[in-house]
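The structure presented is a predicted model; accordingly, all values stated were derived computationally and were not measured.
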There are 2 protein chains.
Amino acid sequence: MLTQKRQKLIESYVNQHELCRVSDLSKMTATSESTIRRDLIQLEDEGLIKRVHGGAQSVKNFAHDVSQHIRFTLNHEDKILIARYAVKHYVHENDYLFIDAGTTSYEMVPLIASIAGVTIVTNGIETALSAVGHGINTILLGGKIKEDTHAIVGQAALEQMQSMNFTACFMGTNGIDRQGKLTTPDLEEAAIKKAAIAHADRTYVLSDSSKIGERNFAVFGNIKQVTVITTKLNSQHQGLLPAEVDLKEAN
Amino acid sequence: MLTQKRQKLIESYVNQHELCRVSDLSKMTATSESTIRRDLIQLEDEGLIKRVHGGAQSVKNFAHDVSQHIRFTLNHEDKILIARYAVKHYVHENDYLFIDAGTTSYEMVPLIASIAGVTIVTNGIETALSAVGHGINTILLGGKIKEDTHAIVGQAALEQMQSMNFTACFMGTNGIDRQGKLTTPDLEEAAIKKAAIAHADRTYVLSDSSKIGERNFAVFGNIKQVTVITTKLNSQHQGLLPAEVDLKEAN
DNA sequence: CCTAAAAGCAATCATTTTCACTCATAAATG
DNA sequence: CATTTATGAGTGAAAATGATTGCTTTTAGG
């Protein structure tokens with residue numbers, strides 16, 4: 001990869017994520033940490049980012065952590081772990097993937113960029129923009145745009161999916177309850193997820209442990225249909241799941 | 001191949017791709033890397049490109065971020081004038097509008113926000129995001145995303161439009177030639193524009209004066225089908241247009 | 001608060017990639 | 001035919017990268 005391209009990628013990643021680790025940038029760009037550090041020094045000289053111990057910080061939004069080191073929310077670290085695990089194990093060359101509009105699935109995109117020939121279909125506008133920015137062949141579903149999540153929903157999107165089959169599909173969830181029901185707050189988004197599952201050879205649900213045992217309004221599937229990828233679970237969480245779940249713990 | 005032709009090719013390739021490697025150019029032109037390097041040195045001397053280690057970079061806009069591109073685009077004042085004129089005279093309450101992915105049409109969105117009951121259909125991702133942000137009912141066409149303009153194109157988008165009729169449609173153009181042909185560089189974008197015109201009661205083409213007399217590859221319509229909104233024209237520009245044009249000058 | 005382990009860093013060096021320069025060949029020009 | 005011009009290949013130099021090392025900062029556990 002060309003130096004300039006990599007540095008642009010880094011800049012946009014840092015600005016989008018507000019704060020990130022050297023190791024994440026290294027994974028994303030598939031270069032060594034040495035190179036990332038050199039890039040960060042340059043970018044800091046140009047005033048495009050701010051370097052902090054452990055990584056880099058967006059320079060635009062300084063209303064953040066004043067301390068000189070980075071500190072992620074536990075959630076965000078988990079999301080990256082889960083995304084990385086999913087890409088590493090379940091995305092292959094020339095796959096046709098469906099990726100839904102959630103934040104965890106969004107983290108998968110930069111990692112997919114280094115896998116050749118992948119096509120991403122998504123109903124998330126930001127996910128699509130990120131994928132295109134990473135040079136991935138991208139198809140965005142059409143339809144109404146939800147104001148809060150920027151997810152695309154509606155009949156048009158569902159119809160469009162009728163003519164597609166996915167090698168794999170990846171989606172988030174807002175809850176997995178004791179019966180193994182996968183739920184989300186919005187009916188229309190649930191319909192999209194349901195359709196994606198129906199048209200995919202394999203489905204992976206990305207869920208950090210906080211979603212285990214939760215329940216929401218709209219059911220879009222059952223744990224039996226999918227593989228759940230999550231972070232390390234404690235025994236309390238495991239008790240909240242059905243026994244027959246196909247569960248992968250990212251680490 | 002002729003040296004000058006090759007250099008033209010290199011220049012346009014670099015500008016289109018924003019950044020590329022010497023090896024890409026070598027493959028594209030079927031010449032040695034030595035020759036490419038010599039060409040790049042010349043082109044850099046002429047200020048047409050910027051050389052970087054491993055390749056060359058467009059000197060014009062370092063705008064990977066299209067939304068940023070929109071803000072710093074050429075003739076911005078003119079575009080705003082045209083957009084304002086278009087909204088003021090041709091957008092009414094409860095209209096169903098098609099707005100294409102160009103920068104001028106993008107400027108219309110904030111102005112439309114104050115008109116009640118309008119629905120916007122667009123193939124521009126940034127246009128859609130802006131419209132949603134302004135609380136406008138927004139439908140985004142689905143399909144492939146073009147990497148350079150972030151326009152959505154392809155069969156899916158065309159099919160989706162089959163079931164729609166627009167009160168009015170607004171689009172940019174890259175050229176209006178002496179015969180009144182409306183042109184744009186990309187075939188697939190042209191197809192979208194063509195379909196929009198076919199499904200709209202009225203079509204308005206937004207064009208600053210620099211496009212008058214220009215010609216591009218893909219024809220998407222003729223001036224007779226549409227109303228052209230432009231800035232004040234001098235007599236030279238007027239000479240480059242057919243007589244029978246329905247022309248409005250914004251000011 | 002202190003200390004040990006872990007994580008992150010700058011500095012350095014070896015390797016790989018890219019470059020500038022040179023030279024030889026071939027085509028165009030007078 | 002001699003001369004200029006464009007090209008491609010080769011070579012040592014320069015730049016970029018990746019890995020290693022020893023030092024500093026941070027974290028975790030008493």
Heavy atoms only: give me the nearest A/Asn15-A/Ser58 pair and the separation to one decimal.
->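 Looking at all heavy atoms of both residues, the shortest contact is OD1-OG, 3.0 Å.
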
Closest non-hydrogen atom pair between A/Ile152 and A/Ala157, with its separation |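 Reported closest heavy-atom pair: CG2-CB, 4.4 Å.
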
Do the side-chain N or O atoms of B/Thr31 get closer than 4.0 angstrom to the phosphate oxygens (OP1, OP2) of D/dT7?
->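 So the side chain of B/Thr31 is outside the cut-off, no N or O lying under 4.0 Å from OP1 or OP2 of D/dT7.
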
Please check the phosphate of D/dT17 (OP1 and OP2 only) for any side-chain N or O of A/Thr35 closer than 4.0 Å.
->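 No.
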
Take atom CZ in B/Arg178; do more than 12 heavy atoms of anything else shown fall under 6.0 Å from it?
->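 No, not enclosed.
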
Decide if atom CD of A/Glu46 counts as having more than 12 heavy atoms of other residues, nucleotides or ligands within a radius under 6.0 Å.
->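 Yes.
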
In chain order, what residues pass the side chain to side chain donor-acceptor pair (under 3.5 Å) check against A/Glu33, with sequence neighbours excluded?
->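 A/Glu33 satisfies side chain to side chain donor-acceptor pair (under 3.5 Å) with A/Arg37 only.
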
Rounded interatomic separation in angstrom, taking CG from B/Asp39 and P from D/dG8 |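 Taking atom P of D/dG8 as the reference, CG of B/Asp39 is at 10 Å.
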
What string of B, S and - do you get for nucleotides 8-21 of chain C, 5' to 3', if B is base contact, S is sugar-phosphate-only contact and - is no contact with any protein heavy atom under 4.0 Å?
-> SSS-------SSS-

